[in-house]
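Take a look at the structure set out below.
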Amino acid sequence: QVQLAESGGGLVQAGGSLRLSCAASGRAFTAYSIGWFHQAPGEDRKFVALINWSGERIILAASVKDRFTIRRDNDKNTVYLQMDGLKPEDTGLYYCAAGSASDSVPGQYQFWGQGTQVTVSS
């Protein structure tokens with residue numbers, strides 16, 4: 001089992017920045033890829049970014065690749081999502097998830113956090 005806890009969400013004006021954190025506890029954090037997903041109100045969860053266990057494989061969704069970055073600190077069992085140039089359409093819940101495969105499909109992830117709310121005002 002891996003327990004995940006997101007933090008760092010909040011209210012920000014368009015063009016602003018936030019850094020989300022995904023802190024993991026439990027066994028073998030370094031065995032998992034970590035993904036971030038965005039769920040806007042009334043919509044399905046959508047892939048944002050992933051990073052594999054070593055940090056060498058990173059994939060960002062096209063809509064965020066010029067604005068967001070992802071990195072992990074395995075010594076701290078934490079993955080960070082740096083969000084710059086935020087837009088109102090980035091508003092929603094952000095979830096981190098742990099999975100064995102580096103994949104953009106939510107169903108491929110075994111463990112999920114509770115989410116953190118990001119609100120971007122125009």
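All values derive from a computational prediction rather than experimental measurement.
- Side-chain N or O atoms of Arg57 include none that pairs as donor or acceptor with a backbone N or O of Trp53 at under 3.5 Å.
- Met83 and Leu60 fall within a single hydrophobic cluster, where Ile, Leu, Val, Met, Phe, Trp and Tyr side chains are chained together by heavy-atom contacts under 4.5 Å.
- Atom CD1 of Ile34 sits about 5.0 Å away from atom SG of Cys22, to the nearest 0.5 Å.
- By the 4.5 Å heavy-atom criterion applied to side chains, Asp84 and Phe68 are not counted as neighbours.
- Taking CZ of Phe111 as the reference point, atom CD of Gln3 lies at 8.0 Å (rounded to 0.5 Å).
- One distance of note links CG of Asn77 with CG of Leu4; it measures 10.0 Å at 0.5 Å rounding.
- Under a 3.5 Å cut-off, the side chain of Thr116 and the backbone N or O of Gly9 do form a donor-acceptor pair.
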Might you work through the side-chain contact (heavy atoms from CB on, under 4.5 Å) test for Ser100 and Gln110, ending with a clear yes or no? CA-CA 8 Å; Ser100 301; Gln110 290 82 47; 3.5 Å; yes
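- Atom CD of Glu56 sits about 10.0 Å away from atom CD1 of Ile51, to the nearest 0.5 Å.
- Counting only heavy atoms from C-beta outward, the side chains of Leu20 and Trp36 approach each other to under 4.5 Å.
- Between Leu11 atom CG and Gln117 atom CD the span is 9.5 Å, to the nearest 0.5 Å.
- Put simply, the side chain of Arg19 never gets that close to the backbone of Gln82: no donor and acceptor are under 3.5 Å apart.
- With contacts defined as side-chain heavy-atom distances shorter than 4.5 Å, the pair Asp90/Arg67 qualifies.
- Of the possible polar contacts, one joining the Thr78 side chain to the Lys76 backbone as a donor-acceptor pair under 3.5 Å is found.
- Between the NZ atom in Lys87 and the OG atom in Ser122 there is a gap of 14.0 Å [rounded to 0.5 Å].
- The shortest distance between side-chain heavy atoms of Val48 and Tyr94 falls below 4.5 Å.
- Geometrically, Arg45 engages Trp112 in a cation-pi contact defined by less than 6.0 Å to the ring centre and at most 45° from the axis.
- Phe37 and Tyr109 have their aromatic ring centers within a separation under 6.0 angstrom.
- Between Leu93 and Gly115, the shortest heavy-atom distance links the atoms CD2-C, 4.4 Å.
- Two residues are said to be in side-chain contact when any heavy atoms from C-beta on lie closer than 4.5 Å; Val79 and Leu81 fail this criterion.
- Smallest separation of non-hydrogen atoms from Ser33 and Ser102: OG-OG, 2.9 Å.
- Here the side chain of Glu6 pairs a donor or acceptor atom with the backbone of Gln114 at under 3.5 angstrom.
- Under a 3.5 Å cut-off, the side chain of His38 and the backbone N or O of Tyr95 do not form any donor-acceptor pair.
- Contact annotation: the side chain of Leu86 approaches that of Leu18 to within less than 4.5 Å [non-hydrogen atoms, C-beta and beyond].
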Taking it one step at a time, do Val64 and Asp66 satisfy side-chain contact (heavy atoms from CB on, under 4.5 Å)? CA-CA 6 Å; Val64 306; Asp66 295 328; over 6 Å; no
